[in-house]
Novice: 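This is the structure, below, for whatever I ask next.
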Amino acid sequence: MSRRVVVTGMGAITPIGLSVDEFWNSVKEQKTGFDFITKFDTTDYKCRIAAEVKGFEGKNYMDFKAAKRMELFSQYAVAATKEALEQAGIDMEKEDPYRVGVSIGSGIGSLQAMETAHSKLLDKGPNRVNPLLVPLMICNMAAGNVSIQFGLKGKSINVVTACATGTNSIGEAFRTIQYGDADIMAAGGTESSVTPIGIAGFSALTALSSSDDPKRCSIPFDKDRSGFVMGEGAAVVILEELEHAKARGANIYGEVVGYGCSSDAYHITSPAEDGSGAATAMLNAVRDAGIAPEDVIYINAHGTSTHHNDLFETRAIKLAFGDHAKDMKINSTKSMVGHLLGAAGAIEFITCIKELEEGYLHATVGLSEPGEDCDLDYCKEPVTGEFTYALSNSLGFGGHNASILVKKYED
């Protein structure tokens with residue numbers, strides 16, 4: 001029999017707050033994190049807007065020397081994990097460290113380290129490249145650094161599924177605990193790709209918003225949407241086996257009850273046009289939870305603000321839920337923080353937990369008039385009430401589809 005898995009801690013570094021409380025208060029105030037890029041000169045770039053993390057200092061969360069040996073994506077992950085472990089009240093001296101693991105992914109790792117090293121290689125030759133380039137750059141180092149910083153000696157993995165990374169990371173941690181390979185997992189995603197090559201690459205792909213208006217750039221499901229806005233940050237949750245959490249008197253914020261995946265096997269960037277892949281992932285998560293599709297009335301959509309994603313995800317929801325889809329509430333957290341790539345699913349997971357806890361579904365900020373065939377209820381305004389389940393979708397380049405279903409905790 002599989003074991004029940006609950007959420008006992010959360011941590012976040014986002015463009016609208018450097019903690020879960022700051023982030024959530026900003027969500028309720030409908031604050032957005034969009035502004036002109038400050039990290040480099042964007043004069044020659046088609047895209048000049050991003051959702052940058054402001055005011056973050058690695059040394060505020062870890063030893064200064066340790067911070068210097070980490071790139072920003074790893075620092076964000078360590079900072080978010082620190083908050084999550086503290087909120088969960090985990091005392092590692094009382095835990096078997098081999099039963100506490102890590103599942104924290106990054107879609108890209110450090111583009112900054114690659115850019116710096118490439119410039120040095122061209123200007124000064126191969127012998128001047130930083131000896132630490134590889135451990136600074138590779139994307140598993142977020143999980144590695146979290147494990148090292150906090151003494152977590154259990155399973156340590158880095159799932160890389162592009163924009164589905166955060167959701168897959170939490171889902172795989174859920175499975176790990178469910179089937180007895182760990183009692184506690186720090187799980188989530190992290191990203192810091194607001195860099196010259198990051199913005200240039202996604203711009204060349206025509207994936208980024210062409211808007212120069214910070215108030216009308218990331219507008220999921222809107223008829224004027226023109227692409228996603230690059231965000232950055234990290235979100236990490238502490239997942240724990242229920243009896244283990246109860247035995248130590250932990251606060252329980254929610255329960256993970258279903259996880260479903262699929263692959264479109266269709267195109268490297270476009271979702272399947274009929275929505276069949278994403279629909280299958282959603283239904284797999286619902287079946288995993290042992291509930292009926294009609295029991296789910298809220299979805300936190302992938303909702304990137306690209307033409308294809310928003311249209312095809314809408315089709316997927318209709319395909320999965322049939323006539324019930326028109327009665328569902330759907331929103332996109334990316335309307336406030338942009339697209340955090342590998343961290344997107346993780347911050348959206350935290351959003352779902354907070355929404356169920358408070359009975360408050362946030363608005364899809366900036367949504368004015370839904371686009372053609374985007375004809376569901378996308379929460380133009382916040383919705384209050386009692387909600388039992390939240391389904392969170394993440395759809396990644398390469399056709400990776402992941403859905404995770406969380407439930408308001410009941411003993």
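None of the values given here were measured: they were computed from a predicted structure.
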Novice: Does a side-chain heavy-atom distance below 4.5 Å link M336 with S26?
Specialist: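 In short, these two side chains do not touch, never coming nearer than 4.5 Å.
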
Novice: Taking atom types as modelled, is there a side-chain donor on Y298 or E355 under 3.5 Å from an acceptor on the other?
Specialist: yes

Novice: If you draw a 6.0 Å radius around CD1 in I197, do more than 12 non-hydrogen atoms from other residues or ligands fall strictly inside?
Specialist: no

Novice: So do the side chains of M328 and F321 get within less than 4.5 Å of each other, counting heavy atoms only?
Specialist: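 They are in side-chain contact.
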
Novice: Carefully, step by step, assess F387 and Y360 under the rule ring pair (Phe, Tyr, Trp, His ring centres under 6.0 Å).
Specialist: CA-CA 8 Å; F387 303 98; Y360 175 94; 9.6 Å; no

Novice: Show every salt bridge (charged side-chain N to carboxylate O under 4.0 Å, His left out) that has at least one partner inside residues 301-312, sequence neighbours left out.
Specialist: R225-D310

Novice: Can you tell me if S106 and T190 form a side-chain donor-acceptor pair at under 3.5 Å?
Specialist: no

Novice: Who pairs with R287 by side chain to side chain contact (heavy atoms under 4.5 Å, CB included), at least two apart in sequence or on another chain?
Specialist: L283, N284

Novice: Tell me which pairs pass salt bridge (charged side-chain N to carboxylate O under 4.0 Å, His left out) where either residue lies in residues 66-84, with sequence neighbours left out.
Specialist: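 Found K82-E86.
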
Novice: In Å, rounded to the nearest 0.5 Å, how long is the span from OG1 of T280 to CG of N401?
Specialist: 8.0 Å

Novice: Quick check: are there more than 12 heavy atoms from other residues, nucleotides or ligands sitting under 6.0 Å from NZ of K54?
Specialist: yes

Novice: Looking at Y98, I want to see if its OH is surrounded by more than 12 non-hydrogen atoms of other residues, nucleotides or ligands under 6.0 Å.
Specialist: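 No.
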
Novice: Which atom pair, heavy atoms only, marks the closest approach of G254 to Y409?
Specialist: CA-CB, 4.0 Å

Novice: Under a 4.0 Å N-O cut-off, is there an ion pair linking E115 with K120?
Specialist: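 A salt bridge is absent here (no side-chain N lies under 4.0 Å from a carboxylate O).
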
Novice: Output every pair passing salt bridge (charged side-chain N to carboxylate O under 4.0 Å, His left out) with a member in residues 152-177, not counting sequence neighbours, ordered by first then second residue.
Specialist: R175-D288

Novice: Using distance alone, with no hydrogens and no angle criterion, decide if H267 and E273 have a side-chain donor and acceptor under 3.5 Å apart.
Specialist: no

Novice: With heavy-atom distances below 4.5 Å as the criterion, would you say the side chains of V256 and V6 are in contact?
Specialist: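 When only atoms from C-beta onward are counted, V6 and V256 do not touch, as no gap falls below 4.5 Å.
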
Novice: Could you give all pairs that pass the ring pair (Phe, Tyr, Trp, His ring centres under 6.0 Å) test and reach residues 194-215, with sequence neighbours left out?
Specialist: F202-F228

Novice: Can D274 and R315 be counted as an ion pair, charged N to O under 4.0 angstrom?
Specialist: no

Novice: Side chains of M282 and I299, heavy atoms from C-beta outward: is any pair under 4.5 Å?
Specialist: yes

Novice: Mind listing the closest non-hydrogen atom pair of V406 and F349 along with its distance?
Specialist: CG1-CE1, 3.2 Å

Novice: Tell me which pairs pass salt bridge (charged side-chain N to carboxylate O under 4.0 Å, His left out) where either residue lies in residues 192-214, with sequence neighbours left out.
Specialist: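 Qualifying pairs, neighbours excluded: R48-D212.
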
Novice: Return the CD to CG distance between E255 and L356, rounded to the nearest 0.5 Å.
Specialist: 11.5 Å

Novice: So which atom in N130 and which in L132 form the shortest heavy-atom distance, rounded to 0.1 Å?
Specialist: OD1-N, 2.8 Å

Novice: Sequence neighbours left out, what passes side chain to side chain contact (heavy atoms under 4.5 Å, CB included) with N60? Give chain and number order.
Specialist: E57

Novice: CD1/I330 to CD1/I317 distance, rounded to the nearest 0.5 angstrom?
Specialist: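 Going from CD1 on I330 over to CD1 on I317, the span is 4.0 Å.
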
Novice: Check T8 against A245 and note the closest heavy-atom contact, atom names and distance.
Specialist: CG2-CB, 3.9 Å

Novice: Rounded to the nearest 0.5 Å, how far does CG of L85 lie from CD1 of I90?
Specialist: 6.5 Å

Novice: For F221, check ring-ring contact (aromatic ring centres under 6.0 Å, His included) against everything at least two apart and list the hits.
Specialist: Y378

Novice: Can you list everything that forms a side chain to side chain donor-acceptor pair (under 3.5 Å) with S193? Sequence neighbours excluded, please.
Specialist: none

Novice: Are any of the side-chain nitrogens in R99 or D181 under 4.0 Å away from the carboxylate oxygens of its partner?
Specialist: no

Novice: I want to check something: taking the side chain as every heavy atom from C-beta on, are E232 and E52 in contact at a cut-off of under 4.5 Å?
Specialist: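 They are in contact (side-chain heavy atoms under 4.5 Å apart), so the answer is yes.
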
Novice: For S169, what residues pass the side chain to side chain contact (heavy atoms under 4.5 Å, CB included) criterion, not counting sequence neighbours?
Specialist: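 Partners of S169 under the side chain to side chain contact (heavy atoms under 4.5 Å, CB included) test: S103, V159, T165.
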
Novice: With sequence neighbours left out, which residue pairs that include part of residues 332-346 fulfil the side-chain hydrogen bond (donor to acceptor under 3.5 Å, both in side chains) condition?
Specialist: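 Matches after skipping sequence neighbours: N300-T333, H302-K334, T333-H362, K334-E348.
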
Novice: For a quick check under 3.5 Å, do T306 and T304 share a side-chain donor-acceptor pair by atom type?
Specialist: yes

Novice: Should T388 and D295 count as side-chain neighbours, where that means a heavy-atom distance under 4.5 Å?
Specialist: no

Novice: Which pair of non-hydrogen atoms, one from S218 and one from G338, has the smallest distance, and what is that distance?
Specialist: OG-CA, 4.4 Å

Novice: My understanding is that only one of V194, T14, L18, L72 makes a side chain to side chain contact (heavy atoms under 4.5 Å, CB included) with V53; could you say which?
Specialist: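 Exactly one option meets the side chain to side chain contact (heavy atoms under 4.5 Å, CB included) with V53, and it is L18.
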
Novice: Is it true that E240 and R248 make a salt bridge, defined as a side-chain N closer than 4.0 Å to a carboxylate O?
Specialist: yes

Novice: Looking at side-chain heavy atoms only, is the closest gap between K223 and S368 below 4.5 Å?
Specialist: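 No, too far: nothing below the 4.5 Å cut-off.
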
Novice: Nearest 0.5 Å, what's the CD-OH distance between E357 and Y253?
Specialist: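 Between atom CD of E357 and atom OH of Y253 there are 7.0 Å.
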
Novice: Heavy-atom count around K215 NZ within 6.0 Å, excluding the residue itself: above 12?
Specialist: no

Novice: If I compare all heavy atoms of V5 with all of Q178, which pair ends up nearest, and what's the gap?
Specialist: CG2-N, 3.9 Å

Novice: Counting heavy atoms not belonging to E372, are there more than 12 under 6.0 Å from its CD?
Specialist: no

Novice: Between K28 and E358, does at least one N-O distance fall below 4.0 Å, as a salt bridge requires?
Specialist: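 Judged by the 4.0 Å cut-off on N to carboxylate O distance, K28 and E358 do form a salt bridge.
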
Novice: Counting only heavy atoms from other residues, nucleotides and ligands, does the tally under 6.0 Å from NZ of K380 exceed 12?
Specialist: yes

Novice: Look up atom CZ in R3 and atom CD1 in I177, then write down how far apart they are to the nearest 0.5 Å.
Specialist: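 Here the interatomic distance stands at 7.5 Å.
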
Novice: Determine all donor-acceptor pairs shorter than 3.5 Å in which one atom belongs to a side chain in residues 389-398; sequence neighbours excluded.
Specialist:
unit_1	atom_1	unit_2	atom_2	d
N393	OD1	S403	OG	2.8
N393	ND2	E313	OE2	3.2
S394	OG	T167	OG1	2.7

Novice: I want to check something: taking the side chain as every heavy atom from C-beta on, are Y76 and V78 in contact at a cut-off of under 4.5 Å?
Specialist: no

